[in-house]
Amino acid sequence: MERKGILAVMSGFSGAGKGTIVSRLLKDYDRYWVSVSMTTRPPRPGETDGVSYHFVTREAFEEIIAADGFLEYAEYQGNYYGTPKAPVLEHLAAGGDVILEIETVGAFKVREAFPEALLFYVVAPTGAELKRRLESRGTETEAQILGRLKKAAKEAEVINRYDYILVNDDLDEAVAACHSLIQREKTRAGRSLPLIARLREELEEITE
Ligand code: 5GP
């Protein structure tokens, strides 16, 4: 493959709509692949093993850590979450663009391992709007929502270290912006070295 795929990391405030943006990227364009994470947290109603996550025991997860099978992993609210390494590397090598939907600790680990990864953070336009979106889900108590907002305030301290902040005000615009940033990245000269080498060879052959 002359151009490897782009590794894009998506994090975001809970309720900001990062899952919706990722679903739309998958639906609207055919070149994205989303990694299915492994976790030790129990499945929630409606979640399917192998689709939402690979649900495993702590022992199984720790064996994979020991075998260096994760691209990154983190412990979040008492459970492990990790990105299985092999399928990500396979898709990138085949030229596909890979999306990881992960939290901030994992995102920064990905940056260490893959400095060329693009890190996106999704926010709602205002604090009040984030609160409204969490309330309209109707899945959590007022106290849980307050907890999520407090976590968001804390997380806001590190999001300046992401590459791009996507403001999810108009969903279509946020999806289009994300797609175009990922695709534009591919045209960077530094990512096109095999293509440049081929063109040089071809031109040398023609002009010999
Ligand atoms: P939830 O339990 O609500 O599905 O996920 C909790 C958090 O873990 C979310 O922020 C989610 O993006 C993150 N997460 C999901 N999979 C992974 C993963 O493979 N690695 C890391 N570091 N975080 C993950």
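Source: prediction; values computed, not measured. Read the numbers this way: they start at 1 and go in the same order the structure lists the ligands and their atoms.
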### Task
Indicate the ring-plane relationship of Tyr73 and Tyr80, choosing parallel, tilted or perpendicular according to the 30° and 60° boundaries.
perpendicular

### Task
Look at the rings of Tyr162 and Tyr121 and say which category their plane angle falls in: under 30° parallel, 30 to 60° tilted, over 60° perpendicular.
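Rings of Tyr162 and Tyr121: perpendicular, over 60°.
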
### Query
What's the spacing between Ile145 CD1 and Thr139 OG1 if we round to 0.5 Å?
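Going from the CD1 atom of Ile145 to the OG1 atom of Thr139 covers 7.0 Å.
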
### Task
List in chain and number order the residues that pass ring-ring contact (aromatic ring centres under 6.0 Å, His included) with Phe55, two or more places apart in sequence or in another chain; answer none if no residue qualifies.
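Applying ring-ring contact (aromatic ring centres under 6.0 Å, His included) to Phe55 gives Tyr53.
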
### Query
Can you name the residues that come within less than 4.0 Å of ligand 1, going by heavy atoms only?
Lys18, Ser37, Arg41, Arg44, Tyr53, Glu72, Ala74, Tyr76, Tyr81, Gly82, Thr83, Glu101, Ile102, Glu103, Gly106

### Task
Only pairs at least two apart or in different chains count here, so list each salt bridge (Lys or Arg N to Asp or Glu O under 4.0 Å) that has a residue in residues 48-61.
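Found Arg58-Glu75.
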
### Message
With salt bridge (Lys or Arg N to Asp or Glu O under 4.0 Å) as the rule and sequence neighbours excluded, what pairs involving residues 105-119 come up?
### Response
Arg111-Asp163

